[in-house]
Protein chains: 2
Amino acid sequence: MARKTGSRAEITGPLIRRAALSLFARHGYAAVSMRRIAAEVGVQAGTLYLYTSDKQSLLFELMRSHMEELLAAWGREPKGKEPPARLAAFVRFHIRFHLERPEAVFLAYMELRSLVPENFARIEALRQRYEDALADILRAGIAAGRFQVADLRLATMSIIAMLTGVNTWYRDGGRLSREEVGEIYVEMVGRLVGPDRGAAPDPGVFGER
Amino acid sequence: MARKTGSRAEITGPLIRRAALSLFARHGYAAVSMRRIAAEVGVQAGTLYLYTSDKQSLLFELMRSHMEELLAAWGREPKGKEPPARLAAFVRFHIRFHLERPEAVFLAYMELRSLVPENFARIEALRQRYEDALADILRAGIAAGRFQVADLRLATMSIIAMLTGVNTWYRDGGRLSREEVGEIYVEMVGRLVGPDRGAAPDPGVFGER
DNA sequence: GCTTGGCATGAACGCCCGTTCAGTTAATCT
DNA sequence: AGATTAACTGAACGGGCGTTCATGCCAAGC
């Protein structure tokens, strides 16, 4: 598989994906033409079709690879054993991972409606798996008496929404570092699911890494 | 101003706005043509230009009127006096108002990037005013010792994000009614900002209507 | 009954769209 | 050196785009 000298195609393919990702994220799938993507890469429009079967596949591949990287990265993440530690790990992971690739995140959330139904279903299935990862943590914590939530699904959706919302306002060089934001969200999410502090079996444990 | 018989124009204008709102929300601004909007209304494309100066103004007017209705409706809302009651009112109001007009909400959040810079700034200013309404409640509650948050701005953004997130999953006829969802969110938001229950001056008060 | 004016048409303008493909280039292999 | 082939071009296809405007219709006002 691996070669000593990368052929031109091995470079152009990723360049096209990067250009498409950036343009789709900034202007929207429908508003970006194949010619504009080609111009960004420095080739003619026809060349794009040596690397993708059509515009829809280009979008779908960007979204699919983003979602699979997300799941794979969470799979590799050290998580701790107890539910509170796992939840804190999820919060830190989500914020870090999402802030590292804002364009892919934006695309994955905004262009679902641009996918043909079959592709939509495949992306939706991946998104669901990620959501389940969080729901599983909450469920385990509830079973262990470490969390107390009125409704598992609503708590799951709330947490995902508030975490993903960070991408809409966070800017590098702002008042808080990514890590500081992460810690504040760990604390807020902890309150959201935590039993009252006084009643907690081990109050100090939640913040543990 | 008011006439006995509405002229045709007084009907067609709103019809165009409704059709544009629905199509823009479902397929995206860039993906919807003026001809398609016209077809939905049952007129020719040229007719649209008797009611709007161009496609961009059509989008902007939809977003502007949505944001101004939001601010006006919150202004009319009975809010209670104490910060905890005001926060609960905000949560209930936000969920109810947003679930009542999913298309306008979707448009206002997804098509910001389709606005020319001047229009973007005007919508952004309105959004900021709404965000400030929530921040003011939290600030008052913190000053009164009723809330305890690590960071005012992050708490504000978190709450807005989790509330708006309801629109992405709520479906009528599902497991929970709008009111039930509202109450669960009142409780979750209460935990997010609440001092530990044991330390609260008046623990039972938060849920009050 | 005639005029006025609001309302709508439908053709036209210049331009850009996604996609295809015969042909050209330049690097690699024998 | 000649053949092969991967990479890319640039023109072309049919069609849709936002917007304009001369023209026609028809109900209301005189």
Side-chain angles (χ1 to χ4, degrees), chain A residues 1-24 26-63 107 111 113-116 118-119, chain B residues 1-24 26-63 107 111 113-116 118-119:
Chain A
M1 274 294 187
R3 290 204 232 154
K4 241 168 222 163
T5 63
S7 68
R8 217 187 298 188
E10 283 167 358
I11 293 174
T12 308
L15 280 184
I16 290 172
R17 280 190 288 276
R18 259 196 289 278
L21 170 59
S22 178
L23 289 170
F24 285 163
R26 276 184 291 158
H27 308 289
Y29 173 74
V32 172
S33 69
M34 294 299 269
R35 276 169 246 262
R36 179 133 180 228
I37 297 168
E40 190 86 2
V41 179
V43 297
Q44 293 297 317
T47 302
L48 303 185
Y49 291 87
L50 297 173
Y51 299 91
T52 187
S53 57
D54 53 25
K55 196 186 178 191
Q56 168 77 200
S57 310
L58 189 48
L59 174 65
F60 173 67
E61 269 309 306
L62 289 171
M63 295 175 71
L107 199 71
E111 295 296 353
R113 66 179 166 194
S114 300
L115 293 171
V116 297
E118 186 199 333
N119 288 341
Chain B
M1 272 297 184
R3 290 202 231 154
K4 242 169 222 160
T5 62
S7 67
R8 218 187 297 189
E10 284 168 357
I11 294 174
T12 308
L15 280 184
I16 290 172
R17 280 191 288 277
R18 260 195 287 276
L21 170 59
S22 178
L23 289 169
F24 286 163
R26 276 183 290 156
H27 307 288
Y29 174 74
V32 173
S33 69
M34 294 298 268
R35 276 170 246 261
R36 180 133 178 229
I37 297 168
E40 189 86 3
V41 179
V43 297
Q44 292 298 316
T47 302
L48 302 185
Y49 291 85
L50 297 172
Y51 299 91
T52 187
S53 58
D54 52 25
K55 196 186 177 189
Q56 168 76 199
S57 311
L58 190 48
L59 174 65
F60 173 67
E61 269 309 306
L62 289 171
M63 295 176 72
L107 199 71
E111 297 295 352
R113 66 179 166 192
S114 301
L115 294 171
V116 298
E118 185 200 332
N119 288 340

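- Between dC8(D) and T12(A), a contact under 4.0 Å exists linking OP1 or OP2 to a side-chain N or O.
- Taking 4.5 Å as the limit, some side-chain heavy atom of M34(B) sits within range of a side-chain heavy atom of Y49(B).
- When side chains are defined from C-beta on, T52(B) does not count as touching E61(B), because their heavy atoms never get closer than 4.5 Å.
- Atom CG of L50(B) and atom P of dT19(D) are 14 Å apart (whole Å).
- For the pair I16(A) CD1 and dA7(D) C1', the interatomic distance rounds to 11 Å; values are reported in whole Å.
- dG18(C) atom P lies 13 Å from atom CD of Q56(A), rounded to whole Å.
- Residue S33(B) is in sugar-phosphate contact alone, with no base atom involved, counting any heavy-atom pair closer than 4.0 Å across all strands shown.
- Backbone-only contact: V32(A) has heavy atoms under 4.0 Å from sugar-phosphate atoms and none from a base.
- Ranked by how close their nearest DNA chain D nucleotide is to the 5' end, Q44(A) and R35(A) are led by Q44(A).
- For E111(B) and K55(B), the salt-bridge test fails: no basic side-chain N is under 4.0 Å from an acidic carboxylate O.
- Going from atom CG of L58(B) over to atom C1' of dC17(D) covers 16 Å, rounded to whole Å.
- Computed from coordinates, the I37(A) CD1 to dT19(C) P distance equals 10 Å when rounded to whole Å.
- In this structure, of dT19(C), dC8(D), dG18(D), it is dG18(D) that holds the atom nearest to the side chain of Y49(B).
- In terms of phosphate contacts, T47(A) brings no side-chain nitrogen or oxygen within less than 4.0 Å of OP1 or OP2 of dA7(D).
- As rounded to whole Å, 17 Å separates atom C1' of dT19(C) from atom OH of Y51(A).
- Taking the side chain as every heavy atom from C-beta outward, L107(A) and Y29(A) never approach each other to under 4.5 Å.
- Atom CE in M34(A) sits roughly 14 Å away from atom P in dT9(D) (whole-Å rounding).
- Minimum atom distance to the side chain of K55(B) is reached by dG18(D), of the listed dT19(C), dG18(D), dC17(C).
- Each of S53(A) and A31(A) was matched to the nucleotide of DNA chain C holding its nearest heavy atom; the match closer to the 5' end belongs to A31(A).
- Here the side chains of F24(B) and I37(B) are in contact, with some heavy-atom distance below 4.5 Å.
- Atoms CZ (R36(A)) and P (dG18(C)) sit 12 Å apart, rounded to a whole Å.
- Side-chain atoms of V43(B) lie closest to dT9(C) of the nucleotides dT19(C), dC17(D), dT9(C).
- Candidate nucleotides dG18(C), dC8(D), dT19(C) were compared by shortest atom distance to the side chain of A45(A), and dT19(C) ranks first.
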